[in-house]
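Notes follow the structure.
Sequence lines set the chain letters: A, B, ... in the order given, protein chains first and strands last, and positions in each chain run from 1.
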There are 2 protein chains.
Amino acid sequence: MDVNIVGKGAVGEELMALMQMRKFTLDTLRIFASPGSKGQALQTPFGSITIEDLADVYPQTQNQDGITGKLLEGYTFFCAGGDTSKQYAKLASQSSIVIDNSSAFRYDSDIPLVIPEINAHAIGSSKLIANPNCTTAIASIPLYLLHNLYGLKRVSIATYQSASGAGGKGMDELLLQQEKVATNLGAGQERYTGISPQVFPHQLIDNVIPRIDVISNDGYTKEEMKVDWELHKILNLHSIVKIGCTAVRVPVLRAHSEAIDVETARPVNLDEYRSALLHASGVTLSDDIERHIYPMPLTASNKYDVFVGRIRPTHTFDNGVTFFVSGDQLWKGAALNALQIAEYIRDHKE
Amino acid sequence: MDVNIVGKGAVGEELMALMQMRKFTLDTLRIFASPGSKGQALQTPFGSITIEDLADVYPQTQNQDGITGKLLEGYTFFCAGGDTSKQYAKLASQSSIVIDNSSAFRYDSDIPLVIPEINAHAIGSSKLIANPNCTTAIASIPLYLLHNLYGLKRVSIATYQSASGAGGKGMDELLLQQEKVATNLGAGQERYTGISPQVFPHQLIDNVIPRIDVISNDGYTKEEMKVDWELHKILNLHSIVKIGCTAVRVPVLRAHSEAIDVETARPVNLDEYRSALLHASGVTLSDDIERHIYPMPLTASNKYDVFVGRIRPTHTFDNGVTFFVSGDQLWKGAALNALQIAEYIRDHKE
């Protein structure tokens with residue numbers, strides 16, 4: 001199996017770690033990054049890899065001297081942001097199966113947006129598959145089970161998103177602020193002296209920031225709209241199902257959490273819903289509040305499954321359920337789901 | 001003016017700081033705490049005060065030798081938890097006006113539960129007034145304005161509650177964990193070595209904990225039910241108005257935040273609602289997402305007002321609004337509101 005990874009950030013790194021853990025057999029691994037990194041050696045679980053530039057495979061201008069790099073084969077994971085995906089993902093899909101982590105193609109009606117536990121069938125014969133937004137992916141399986149059993153009507157979500165959502169540089173910024181506060185303390189200085197946020201719009205330590213991503217329509221952020229658009233697409237929901245979201249960054253290193261309040265078309269039997277969660281792939285029931293067992297980012301980090309708990313009748317709606325989820329943003333929220341898409345195609349299509 | 005404070009924790013401390021800031025004129029200040037602290041000198045903004053024991057004012061048993069301490073006069077603030085309030089607050093209200101910070105009397109139909117900006121009139125001739133739960137207090141004014149304009153139907157709340165909600169010891173535990181992580185880093189040890197939570201049920205640094213307070217009915221925590229019960233009482237809401245809440249502790253030092261999604265009976269005019277917020281007491285409009293201006297716990301700390309922003313049409317309901325609030329948990333969420341009740345009585349009743 002040939003694998004190509006575009007981007008050498010946190011998602012690309014986690015993808016390689018997961019390929020090793022899940023014994024995703026590789027013949028060759030190629031890594032592509034920005035022209036400035038070309039030729040550098042990157043240490044990976046699969047040995048040292050020399051970074052390539054996609055512009056050598058796909059000429060950027062008519063004047064450029066044709067293809068100099070070897071065409072991509074096997075599976076290509078785009079983990080480098082929307083602009084890179086827009087430029088190269090369709091080209092790469094002519095000779096390899098492309099799984100795109102960006103939002104570039106998620107809303108195109110002819111590109112499948114896939115959570116394998118839910119809609120693997122949507123892959124069909126597509127060579128370009130979009131991987132959902134992290135917040136969407138983490139909420140999707142518990143909502144899918146609920147929809148199958150009782151029909152979704154309204155979903156109100158508030159998120160608790162970790163620094164890892166902004167990649168390695170987001171995690172680094174939180175770590176740096178934690179270190180700075182400790183240094184200030186030791187030096188007898190004011191707690192926040194010298195903290196100057198670069199990645200997040202405000203200081204994250206001791207704070208929460210209720211804006212993630214750019215502004216979209218209606219006063220909503222794009223992060224909030226992604227949850228609405230993508231859940232509709234993945235769960236194939238009728239447009240009358242209404243989904244509202246408030247996306248908030250919290251000072252947590254990795255793993256996102258979400259408080260989810262749902263109105264269903266039919267009354268929810270909580271035991272039946274718990275049982276569905278218990279037997280479903282991709283989720284772990286973590287629901288014993290008396291014994292202080294509930295989903296938390298700390299326990300959901302570096303886990304394949306999304307944790308679901310605090311399951312109780314909604315007090316907002318006549319029918320429905322309120323619950324809490326935590327899932328690893330870099331895994332089910334990104335690299336793991338992307339790899340699961342590739343595994344599904346490997347096992348079912350080849 | 002005579003003032004008595006029962007409890008020498010974070011709320012009592014903030015109360016004294018606020019009395020000084022707001023020039024709440026004192027003739028005498030008495031401080032009561034547990035028997036073990038009796039006779040100790042406490043440094044306050046009003047000089048050194050010798051701590052007294054309420055058991056010396058109110059004999060605890062028939063056999064005890066009657067009253068030895070001077071009766072309470074003026075205003076008494078109970079800031080020491082529900083058990084102390086249950087034991088002494090009604091006795092204290094025979095000779096002083098009692099403002100109780102605990103939940104001991106909040107749900108008694110004959111005890112007013114008051115946010116002065118909303119229902120000061122409910123004080124009437126009562127000598128015992130209950131101060132609302134912090135999460136309720138912080139949400140109350142924006143919801144009150146909305147109710148007056150458009151009528152509340154359904155309210156779905158997810159909270160981001162700071163360590164200060166567990167008092168000084170909660171803040172200390174978060175600070176200790178931040179220090180521990182830094183020390184571990186310096187010593188080359190694993191990040192969380194030696195962290196052992198005492199106040200919160202789990203580690204709070206790099207985590208969120210979706211359980212606050214004991215379990216109530218239905219799988220809800222008491223913290224979540226307080227918001228429902230208390231908003232109904234303060235806003236005098238019909239029981240058909242439905243309020244659901246998920247209460248979550250986040251690694252923030254002080255100031256609580258809440259994502260609030262509301263269905264209203266009539267369509268919301270957002271400009272009209274913003275204008276109402278702009279002109280109301282107790283709230284500051286902080287609503288310019290393009291310029292990264294929105295409520296945050298860091299900017300709401302040590303502020304009298306609750307900050308309201310991220311105001312936009314709800315995507316969950318047909319009519320309504322979604323918004324975000326941050327307010328100082330120790331101030332409007334506790335000591336400030338208690339003091340404002342006393343100020344109101346001083347200015348209107350005497």
Okay, B/Ile311 and chain A: the region with an atom under 4.5 Å from a heavy atom over there is neither
Checking B/Glu290 against chain A: side chain, backbone, both or neither under 4.5 Å from a heavy atom?
both
Measure A/Phe317 against the heavy atoms of chain B and call it side chain, backbone, both or neither at under 4.5 Å.
both
Under 4.5 Å from any heavy atom of chain A, what part of B/Ile289 do you find: side chain, backbone, both or neither?
both
Close aromatic pair by centroid cut-off 6.0 Å: B/Tyr220 and A/His315
yes
Could you check B/Val155, B/Leu231, B/Leu237 and say which one makes a side chain to side chain contact (heavy atoms under 4.5 Å, CB included) with B/His147?
B/Leu237
Sort A/Ile157 into side chain, backbone, both or neither according to what part of it lies under 4.5 angstrom from a heavy atom of chain B.
neither
Quick check, are the ring centers of A/Phe324 and A/Tyr294 under 6.0 angstrom apart?
no
Report which part of B/Ser257 has an atom under 4.5 Å of a heavy atom belonging to chain A: side chain, backbone, both, or neither.
side chain
Under 4.5 Å from any heavy atom of chain B, what part of A/Arg254 do you find: side chain, backbone, both or neither?
neither
May I ask you to name which of B/Asn207, B/Asp228, B/Leu174 has the most heavy-atom pairs under 4.5 Å with chain A?
B/Asn207
Part of A/Ser156 within contact of chain B (heavy atom distance under 4.5 Å):
both
Check each atom of B/Met171 against the heavy atoms of chain A and say whether the ones under 4.5 Å are side chain, backbone, both or neither.
neither
Looking at chain A, which one of B/Val241, B/Thr299, B/Val252 has the largest number of heavy-atom pairs inside 4.5 Å, strictly under?
B/Val252
Bottom line for B/Leu253: the part with an atom under 4.5 Å from chain A's heavy atoms is both
So which residue, B/Val181, B/Leu185, B/Val248, ends up with the most heavy-atom pairs under 4.5 Å with chain A?
B/Val248
Under 4.5 Å from a heavy atom of chain A, the part of B/Val250 involved:
side chain
Contacting moiety of A/Thr221, where chain B heavy atoms sit under 4.5 Å:
both
For the residue pair B/Tyr160 and A/Tyr160, does the interplanar ring angle fall in the parallel (under 30°), tilted (30 to 60°) or perpendicular (over 60°) class?
parallel
Quick one: do the B/Glu230 and B/Tyr107 side chains pair a donor with an acceptor below 3.5 Å?
yes
Pick one of side chain, backbone, both or neither for B/Asp318, based on which atoms fall under 4.5 Å of a heavy atom in chain A.
both
Considering only NZ, NE, NH1 and NH2 on the basic side and carboxylate oxygens on the acidic side, decide whether B/Lys332 and B/Asp305 come within less than 4.0 Å.
no
